[in-house]
Amino acid sequence: MLLLAGLGLTIGPAILTQSASAPLMDGVVNALLGALALFSLLGLWVPMKMLPILVFEVVWKSIWTLSVALPRWLDGTLDASTIETLFACALAIPFLFIIPWQRFWHDLRGPTPPRARSCRYLEN
C-alpha cells in the first residue's frame with residue numbers, strides 16, 4: 001500500500017503530464033515505475049505473489065544507493081537532485097523489515113523434488 005501510494009503520487013502525475021521534449025531516460029524511468037505501481041495495485045489482492053516485485057524495489061534502490069549516492073557522499077559531491085533521490089530510496093528501508101524473507105526464499109527455491117528411489121535394474 002505504501003509503495004502504491006508513493007509511486008502513485010509521484011510517478012502518476014509525471015506520466016500524465018510527460019511532454020515530447022522530456023529527456024528519453026525520464027520517460028523510461030517513469031514508465032518502469034508506473035508499471036511497478038500497477039503491479040503494486042495487484043499486490044493488494046495477492047500480496048504474496050507480488051513479493052518479488054517488492055524485493056525488486058528494495059534491490060534496485062540499494063544498488064543505486066551503494067553505486068551512485070555513496071561514492072558521491074564520500075567525495076563530497078552530493079547535489080540537491082542526488083539527495084532527493086537518496087531520500088526516496090531511503091523510504092525502502094522499512095521494507096527490509098516487513099518482507100517475509102524466509103517465505104520469499106522458500107518460494108524462490110520452488111518445491112523440493114522427490115528423492116529418487118533406488119532401482120535394482122539401474123544398479124546393474
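From a predicted model like this one, the values you see are computed outputs, not experimental measurements. Position 1 is the first residue of the sequence; numbering continues from there.
In this structure, the separation between CZ on Phe87 and OG1 on Thr82 is 15.0 Å, given to the nearest 0.5 Å. Remark: Leu38 CG to Leu33 CG distance equals 11.5 Å, nearest 0.5 Å.
If you chain together ILVMFWY residues whose side-chain heavy atoms come under 4.5 Å of each other, Leu66 ends up grouped with Leu70, Trp73, Leu74, Leu78, Ile83.
Put simply, Val29 and Ile53 are part of the same group of oily side chains (I, L, V, M, F, W, Y) that touch within less than 4.5 Å, one to the next. Note on Ile99 and Val59: same hydrophobic cluster, where clusters join Ile, Leu, Val, Met, Phe, Trp and Tyr whose side-chain heavy atoms are under 4.5 Å apart, directly or indirectly. Both Phe104 and Ile93 are assigned to one and the same hydrophobic cluster, defined by single-linkage of ILVMFWY side chains at heavy-atom distances under 4.5 Å. Residues Phe95 and Ile63 fall within the same hydrophobic cluster, defined by Ile, Leu, Val, Met, Phe, Trp and Tyr side chains chained together at heavy-atom separations under 4.5 Å.
Considering all non-hydrogen atoms of both residues, Lys61 and Ala92 come closest at CD-CB, 3.7 Å.
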side-chain contact (heavy atoms from CB on, under 4.5 Å) for Phe39 and Met50? Distances and angles first, verdict last. CA-CA 7 Å; Phe39 277 110; Met50 295 295 119; 4.2 Å; yes
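With sequence neighbours excluded, the residues forming a side chain to side chain contact (heavy atoms under 4.5 Å, CB included) with Thr85 are Trp64, Cys89, listed by chain and number.
Two residues are said to be in side-chain contact when any heavy atoms from C-beta on lie closer than 4.5 Å; Met48 and Pro100 meet this criterion.
Between Arg72 and Thr77, the side chains place no donor N or O within less than 3.5 Å of an acceptor N or O (distance only, hydrogens not considered).
Residue pairs that meet the side-chain hydrogen bond (donor to acceptor under 3.5 Å, both in side chains) test with at least one member in residues 90-108, sequence neighbours left out, are Arg103-Asp107.
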